[in-house]
Amino acid sequence: MIVVAGEALIDLVPSPQDTSPSDGGTGAATADGRLPALLPRRGGGPYNTAVALGRLGSPAAFCSRISTDSFGEALLQGLRGGGVDTSLVQRGGEPTTLAVADISADGSAVYGFYADGTADRLFTLPPALPAAARALSLGTCSLVLEPGASAYESLLRREARRGVFTALDPNIRPGLIPDPDAYRARFRSWLPDIALLKLSEEDALWLAGPGAAPGGTWEAVTAAAKGWLAAGPAAIVLTRGGDGLTVLTRGGGEVTVPGERVTVVDTIGAGDTVNAALLHRLDVHGALSYAAVAALGDDDWRDILRFAARAAAVTCSRAGAEPPFATELAA
């Protein structure tokens, strides 16, 4: 079983029917001043990752705290519909976190969060994960917003020291991080407990900070990643949008695959789909352990990265976080 821990929320996504690309993106007002309708969509990076794992056929469980309001019930319904185990989900009467998405003309999304006093922030450390848990995936807002962030951090450290394979996608939301330097230091403190680090090129540059290595953007990213590898992870996967994915390994390996060409509707959930696809395909290779990841060869990584690129392309081809089912990737 792969356990995904972190927030579940509702994305409020502008209706594309209300706007056109000439308006500057689907979050912009129309020429007559009307604002687009906001459509509720199930979301949250960890939530999307769990649903994507279920759709790919991996045994998955979700570990979080979800509201008892109507949005919370819809979130639970989405997990169960995807075949995700919800026995680790805590419940609370506080409202569900909302994320208002602004979709640009190229399909990328920027979010504004309404997270004060919401249910997922009050997550507490569970007494134990199921004996079947072989991997734990974390990331996004859940490792930022207290008091839940400290509980998720404790879960990460405890399970890593029990020998559970751990994966992290920081999925940086700068607007939620009041002290970037403190967060960067906290991020570095997690690295000894991380087996697989996955992040976007943009997030890597943000985490590297103002003192990033001189030179071009990619040079700065790889210099930072090599420093992080020395601190713990067996591998770091970097997503590069349409340019594909690159893995850097602690043994000095580097493999890149191109992105899959597709007409992009939006990029919501694409990175979360990559998280799930990586874990699913690593499991296919029998590599849900630190030693097994370290032993993967270049051909193994090409297969894993190509699978992840293909899965992400499907998600980008449709509105909202709608990851593919296994049958869509079988061809």
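Everything numeric in this text was worked out from a predicted model, so none of it was measured.
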[X] vs [Y] side-chain heavy atoms within contact, under 4.5 Å:
X: Leu88; Y: Phe62; result: no
X: Val237; Y: Leu197; result: no
X: Thr118; Y: Ser67; result: no
X: Thr315; Y: Pro324; result: yes
X: Leu168; Y: Leu196; result: no
X: Val264; Y: Val262; result: yes
X: Leu155; Y: Leu136; result: yes
X: Leu12; Y: Ile10; result: yes

Is there a chain of hydrophobic side chains (I, L, V, M, F, W, Y, each step under 4.5 Å between heavy atoms) that links Leu9 to Leu122?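 As far as the 4.5 Å side-chain criterion goes, Leu122 and Leu9 are not connected within one cluster.
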Count I, L, V, M, F, W, Y as connected when their side-chain heavy atoms are under 4.5 Å apart, and connections chain through other members. Are Val284 and Leu53 then in the same cluster? no
Nearest 0.5 angstrom please: [X] [atom1] to [Y] [atom2], how far?
X: Arg91; Y: Asp69; atom1: CZ; atom2: CG; value: 8.5 Å
X: Asn275; Y: Asp169; atom1: CG; atom2: CG; value: 4.5 Å
X: Glu322; Y: Thr273; atom1: CD; atom2: OG1; value: 9.5 Å
X: Thr239; Y: Leu199; atom1: OG1; atom2: CG; value: 7.0 Å
X: Asp193; Y: Arg158; atom1: CG; atom2: CZ; value: 13.0 Å
X: Asp298; Y: Leu305; atom1: CG; atom2: CG; value: 10.0 Å

Would you mind checking if [Y] and [X] are paired as a salt bridge, meaning a charged N to carboxylate O distance below 4.0 Å?
X: Arg42; Y: Glu73; answer: no
X: Glu7; Y: Arg121; answer: no
X: Arg173; Y: Glu202; answer: no

Under 3.5 Å, side chain of [X] to main-chain N/O of [Y], donor-acceptor pair present?
X: Arg65; Y: Gln90; answer: no
X: Arg55; Y: Gly82; answer: no
X: Glu146; Y: Ser150; answer: yes
X: Glu159; Y: Leu156; answer: no
X: Lys198; Y: Gly271; answer: yes
X: Arg240; Y: Trp218; answer: no
X: Ser200; Y: Asp203; answer: yes
X: Ser137; Y: Val4; answer: no

Between the side chains of Thr166 and Arg157, does any donor sit under 3.5 Å from an acceptor?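 Not at all, the side chains of Thr166 and Arg157 share no donor-acceptor pair under 3.5 Å.
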Arg250 versus Tyr290, side-chain donor and acceptor atoms under 3.5 Å: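 Per modelled atom types, Tyr290 and Arg250 side chains form a pair under 3.5 Å.
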Are Leu207 and Tyr183 close enough, and set up right, to give a side chain to side chain contact (heavy atoms under 4.5 Å, CB included), and what steps lead you there? CA-CA 9 Å; Leu207 285 163; Tyr183 180 86; 3.8 Å; yes
What class does the angle between the rings of Trp190 and Phe187 fall in, given that below 30° is parallel, 30 to 60° is tilted and above 60° is perpendicular? perpendicular
Parallel under 30°, tilted from 30 to 60°, perpendicular over 60°: which one fits the rings of Phe123 and Tyr152?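 Ring orientation of Phe123 relative to Tyr152: parallel.
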Does atom OH of Tyr111 have more than 12 heavy-atom neighbours, drawn from other residues, nucleotides or ligands, at distances under 6.0 Å?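 Atom OH in Tyr111 is packed in, count exceeds 12.
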I would like to know whether Leu329 and Val314 meet side chain to side chain contact (heavy atoms under 4.5 Å, CB included); could you show each step before the answer? CA-CA 9 Å; Leu329 304 177; Val314 174; 4.0 Å; yes
Residues forming a salt bridge (charged side-chain N to carboxylate O under 4.0 Å, His left out) with Arg188, sequence neighbours excluded: none
Listed once per pair and sorted, the side chain to side chain donor-acceptor pair (under 3.5 Å) pairs that draw on residues 279-288, sequence neighbours left out: Ser58-His280, Arg134-Asp283, Arg281-Asp303, His285-Asp303
Only one of Ile2, Val89, Leu76, Leu79 passes side-chain contact (heavy atoms from CB on, under 4.5 Å) with Val84; say which it is.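 Output: one option passes, namely Leu79.
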